[in-house]
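Working notes, beginning with the structure itself.
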Amino acid sequence: MEKTQRTATLSFDGKVLELPMLSPTVGPDVIDIRKLYAEGDVFTYDPGFTSTASCNSDITFIDGGKGQLLYRGYPIDQLAGKSHYLEVCYLLLYGELPSGDELDEFESRVTNHTMVHEQMHNFFRGFRRDAHPMATMVGVVGAMSAFYHDSTDINDPLQREIASIRLIAKMPTIAAMAFKYSIGQPFVYPRNDLDYASNFLRMCYAVPAEEYEVNPILSRAMDRIFTLHADHEQNASTATVRLAGSSGANPFACIAAGIACLWGPAHGGANEAALDMLREIGTVDRIPEFIARAKDRDDPFRLMGFGHRVYKNFDPRAKVMKESADEVLDLLGIHNNPTLQVAKELEKIALEDEYFVSKKLYPNVDFYSGIILDAMGFPTSMFTPIFALSRTVGWIAQWKEMIGDPTQKIGRPRQLYVGAAARDYVDVEAR
Ligand code: CMC
């Protein structure tokens, strides 16, 4: 028997509209309002898209209440514990975990694309040394469209695939180059015999003057940071990539748009802002002052690294990241560093404080990732570029999904116009 279509009834101004209801695999039902304007001559109003599903997606799912994050159905803690970043990339891009052969083939494709066009070295040199690495990343990734224009035709599946592999492969090289450039050291070429995370660490920390050995615990922690940040359904930067891509823009331009959006302190920039905040607090005795500021409605200050639009429970990525932070700090023998003491005490106080408890503000992934990256020796300005390189695969998977979705149109929100109604121009002498 055919299933009857469930509908939601909307009545206003004497009109009654039956709107179809769509059911996801998991998560809340969705009211399909695509015909609302045509049939009801009204729009919906939803600043920040807090209640709006903008697409179908089968890549990532978050249950904010449970604190659950699934990539293609697999829980993030299982992937962070048992898998590794390139396998997760395959899963996000192609929908299933790869067989051994498929994984080898994918890894070899990625590693064969790790070098950047030699002329890009000159392009980097055009930036000021003191530029923020995110500024450099936005520029260089956007400029990939100029260096790799043989993979910018979005209508050609092969070109889309090559662009995807190029982006995943070159992003660590570009992020490491942005770092090296900012500290005045020579660029280090990638080494394809190393795994993805070790190669990145080497490109960041090796110098031509001496050998550099990657510590496996650090490389594992780096790989986890990549895995935990790989995708996060329709967050601001992903929605930006989709919106940019909806016009038919090339993938490099779209990912550059995503990087620009990620940079903001409410999004990917929070890891940098969180560590800056911990340093600003400085000592444990100053925590109450900052907690009071965070609660004060007249003060714009927020506790960076706390709260999330979707998670109203512990961020599952933060749980894994916290374990990783303990491992890395143990390995590096960091126990009494003042920033860490402030972080631990702040976490404890915030988790017990009525304001944070009642608003369900838990530490998020950025609270702990900054602590690990700081311990590894990265300046705070590199935290968000590392987030960007990790998220690249998610952006690409979502961008590819959008290109292949026949229901997608150019993204074009409506507005609630509150400006002047039509009026006649007045000559300057008469104003
Ligand atoms: N410190 C103090 N109060 C907060 C915080 C915070 N970090 N976050 C939210 N609130 C309060 C906020 O003032 C509001 O209170 P009220 O209802 O009394 O007006 C309430 O909690 C709800 O906040 P909201 O701004 O409506 O929530 P949102 O979903 O729009 O914002 C957020 C989510 C992540 C932007 C916000 O929690 C925030 O600014 N956090 C700090 C920045 C941060 O750590 N961002 C990283 C997010 S995780 C990584 C990523 O995905 O990019």
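Order of listing sets the numbers, starting from 1, for every ligand and every atom in it.
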Could you tell me whether the side chain of Ser198 and the main chain of Leu194 form a donor-acceptor pair under 3.5 Å? no

Given the side-chain rings of Phe356 and Tyr362, with only the six-membered ring counted for Trp, is the space between their centroids under 6.0 Å? no

Centre of Tyr148's six-membered ring, under 6.0 Å away, within 45 degrees of the axis: is that where NZ or CZ of Arg166 sits? no

Between ligand 1 and the protein, which N/O pairs are shorter than 3.5 Å?
residue	atom	partner	partner atom	Å
ligand 1	1 (N)	Leu303	N	3.1
ligand 1	3 (N)	Tyr355	OH	3.1
ligand 1	7 (N)	Leu303	O	2.7
ligand 1	7 (N)	Phe306	O	2.9
ligand 1	13 (O)	Arg302	NH2	3.4
ligand 1	18 (O)	Arg297	NH2	2.7
ligand 1	18 (O)	Lys359	NZ	2.8
ligand 1	25 (O)	Arg302	NH1	3.0
ligand 1	25 (O)	Arg302	NH2	2.8
ligand 1	29 (O)	Arg309	NE	2.7
ligand 1	30 (O)	Arg309	NH2	3.1
ligand 1	39 (O)	Arg302	NH1	3.0
ligand 1	40 (N)	Phe306	O	2.9
ligand 1	44 (O)	Gly305	N	2.8
ligand 1	44 (O)	Asn364	ND2	2.9
ligand 1	45 (N)	Ala266	O	3.1
ligand 1	52 (O)	His267	O	3.4
ligand 1	52 (O)	His267	ND1	2.6

Looking at Thr114, is its backbone amide N or carbonyl O close enough to the side chain of Thr173 to form a donor-acceptor pair, meaning the two atoms are under 3.5 Å apart? yes

Strictly distance-based, threshold 3.5 Å: is any side-chain N or O of Asn192 a donor or acceptor partner for the main-chain N or O of Thr111? yes

Aromatic ring proximity His84/Tyr90, centre distance under 6.0 Å: no

